[in-house]
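Below, chains carry the letters A, B, ... as their sequence lines are ordered, and counting in each starts from 1. Here the structure is a predicted model, which means the values were calculated and not measured.
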Number of protein chains: 2
Amino acid sequence: MNVMNDSPRRKELTRQAAQLFVQAGFDRTTVRMLAQEMGIKSGSLFHHFRDKQEILTAVIEEGTQNALIIAKAALDQCDNSAEARLQAMARAHLETLLTDRNAHVVALYEWRRLDPEARDHLSHLRDAYEALWEAVIDDALAAGLIHGDRFLVARFVMGALNWTVRWYDPAGPRSPDDLAHELIAMITHRSA
Amino acid sequence: MNVMNDSPRRKELTRQAAQLFVQAGFDRTTVRMLAQEMGIKSGSLFHHFRDKQEILTAVIEEGTQNALIIAKAALDQCDNSAEARLQAMARAHLETLLTDRNAHVVALYEWRRLDPEARDHLSHLRDAYEALWEAVIDDALAAGLIHGDRFLVARFVMGALNWTVRWYDPAGPRSPDDLAHELIAMITHRSA
DNA sequence: GATTTACACTAGCGCTTGCTTGGTTGACCC
DNA sequence: GGGTCAACCAAGCAAGCGCTAGTGTAAATC
C-alpha cells in the first residue's frame, strides 16, 4: 500500500499501462483492466502505485524524459550549422514520437487528466524540452534560414510534428527521416 | 424517451454540452452535470438524446458542419490567386477554431470516444473539409508558391493550425489574421 | 532460526455512473 | 372540452468504479 521508487518492475508496468491508456483512454481504463494486463489482481496494483493518477504521471514522465535525452544527444552529435541542428531536432522529435509512441500519445491526449501538482511538475520537464526547440529556432532565424516570430514559428513547427501521431503510419512508405526533411524544406527560405 | 430531430432546443442543449465537454472532458462530464447546466433533471435529458454518446456526436457534427460552411464561403469571397486562397483558408480555419472553439476542441480531443458508426459518419464530413484544403494546396503547389508532397504539406499545415487550440490566447496581442499571415509567410517560397 | 521485506491475494465497502420507468404538466388542436 | 404531444420530473436500478483491509508466502537479511 506504499512504495514509490522506480524499480524495473514498475517501469515495465508503466509501459503496459501506457499501451492501455492509448487504446481506451485514461478514464476508460479501469484498474482491473490494468491489473489483468499486468498479470496481477487489481488490489496488488496499489503496491506499486499510490493511486491511478500516479500511473498516468509515471507514463508521461517517462516519455518526456526520454524525449529530452534523445533530443540532447541528437544535438550533441550533429553538425554545428543551424540547418543541421534544425534537421536533427525534427528527426529526433519524430523518432521519439514514433518509437516511444504510447507514452507520447498519452501525454498529448491525457494531459488534462493530470491533477494540478503532477501537471506542474511535468510542465517543467516539458518546458525544458521546448527550450531546446526555441534555441534551435533562434539559431535558424539568426542564420536567415527561416523568418518570422520565434514564438510562433516554434509553435507552428511543434504543432506540425506532434500532429503526425494522428495520421502517420509507420508501416507506410515514408520514414521519419523523410518527414523531417520535408518539413524543414517547407519552412526554410533558400533559393529552393 | 425518444425523439432525435434537430429542434432549436436541442441545438441550444448541444451548445451547452460542448462547453462542459471542454471543461471536464467527455468521460468526466456526467449526465447529471449536463442536466444541471441545462436547467433540467438528468432523466429529462434522454428525451432529447438517445444516450450520452449521441450528445457527443451532435456536438462534433455541429462544429464540423460550421467549419465546412465558413471555409466554402471564405473561398467564394476571396481573390482567385493561389496565395489569396491559401490565406483565406488559413484565416477561416483559425476563425472557426476560435469562435466555435468549444465544438472544435471537443472534436480534436474526444474523437476517439465516438462509437464506430458515429465516427464513420463524421469522418466523411471531415474528409470533405480536408478536401478543400488539398485543393487549395494543389493550387499553391502548381503556382510554385510552395514545394513538396501535397499530402505531407496539407497535414503539416493542418497540424500547425489545429495545434493552436493548445496555446493560443484570444485575449493576447495576436489576432487570428496575424497567425494566418505568419504561417503562410513561413511556408511560402518567394524572395521573402 | 527469527525478522523483515517485497509482492501478491481475497473480499468487499462506499460511491457514482448511465439509463429506465411511470407519471405530471401545460400548450395547442379540432 | 376531450385528445394529443413535447417537455419535464421523482425515484431508483443494476453495474461498475477506485480503493482499502487484512492475510499469505517466499526470498532476503540479521
Between [X] and [N], is there a contact of a side-chain N or O with OP1 or OP2 at under 4.0 Å?
X: S44(B); N: dA7(D); result: no
X: H47(A); N: dA8(C); result: no
X: R28(A); N: dG18(D); result: no

Which nucleotide sits closest to the side chain of [X]: [options]?
X: F46(B); options: dC19(D), dC19(C), dC8(D); result: dC19(C)
X: V31(B); options: dA7(D), dC19(D), dG18(C); result: dG18(C)
X: S42(B); options: dC9(C), dC19(C), dC17(D); result: dC19(C)
X: K41(B); options: dC19(C), dC19(D), dC9(D); result: dC9(D)
X: R9(B); options: dT17(C), dG18(D), dC8(D); result: dC8(D)
X: K52(A); options: dC8(D), dG18(C), dC19(D); result: dC19(D)

Once you round it to whole Å, what is the distance between [atom2] of [N] and [atom1] of [X]?
X: M33(A); N: dG16(D); atom1: CE; atom2: C1'; result: 13 Å
X: E12(B); N: dA7(D); atom1: CD; atom2: P; result: 14 Å
X: L56(B); N: dG18(C); atom1: CG; atom2: C1'; result: 15 Å
X: L45(B); N: dT20(C); atom1: CG; atom2: P; result: 12 Å
X: H48(A); N: dC9(C); atom1: NE2; atom2: P; result: 9 Å
X: R50(B); N: dG18(C); atom1: CZ; atom2: C1'; result: 15 Å
X: Q36(B); N: dC9(D); atom1: CD; atom2: C1'; result: 15 Å
X: I55(A); N: dG18(D); atom1: CD1; atom2: P; result: 9 Å

Legend entry - Side-chain donor or acceptor of K52(B) paired with backbone N/O of T29(B) under 3.5 Å: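 Between the backbone of T29(B) and the side chain of K52(B) there is a qualifying donor-acceptor contact (under 3.5 Å).
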Look only at the side chain of N162(B) and the backbone of M158(B), and say whether a donor-acceptor pair between them is shorter than 3.5 Å.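 Yes.
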Anything under 30° is parallel, anything over 60° is perpendicular, the rest tilted; go ahead and classify Y129(A) against H93(A).
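Answer is tilted, since the angle falls between 30° and 60°.
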Do V165(B) and H104(B) come close enough that some side-chain heavy atom pair is under 4.5 Å?
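A side-chain contact is absent here, since even the closest heavy-atom pair is not under 4.5 Å.
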Is it the case that the base of dG16(D) and the side chain of R32(A) share a donor-acceptor contact (distance under 3.5 Å, atom types as modelled)?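 Looking at the base of dG16(D), it does not pair with any donor or acceptor on the side chain of R32(A) (distance under 3.5 Å).
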Quick check: W111(B) with Y109(A) (ring centres under 6.0 Å apart)?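 Aromatic pair excluded; centres sit 6.0 Å or further apart.
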With DNA chain C as reference, determine whether D27(B) or I40(A) sits nearer its 5' end, using the nearest nucleotide of each.
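Whichever sits nearer the 5' end wins; that is I40(A).
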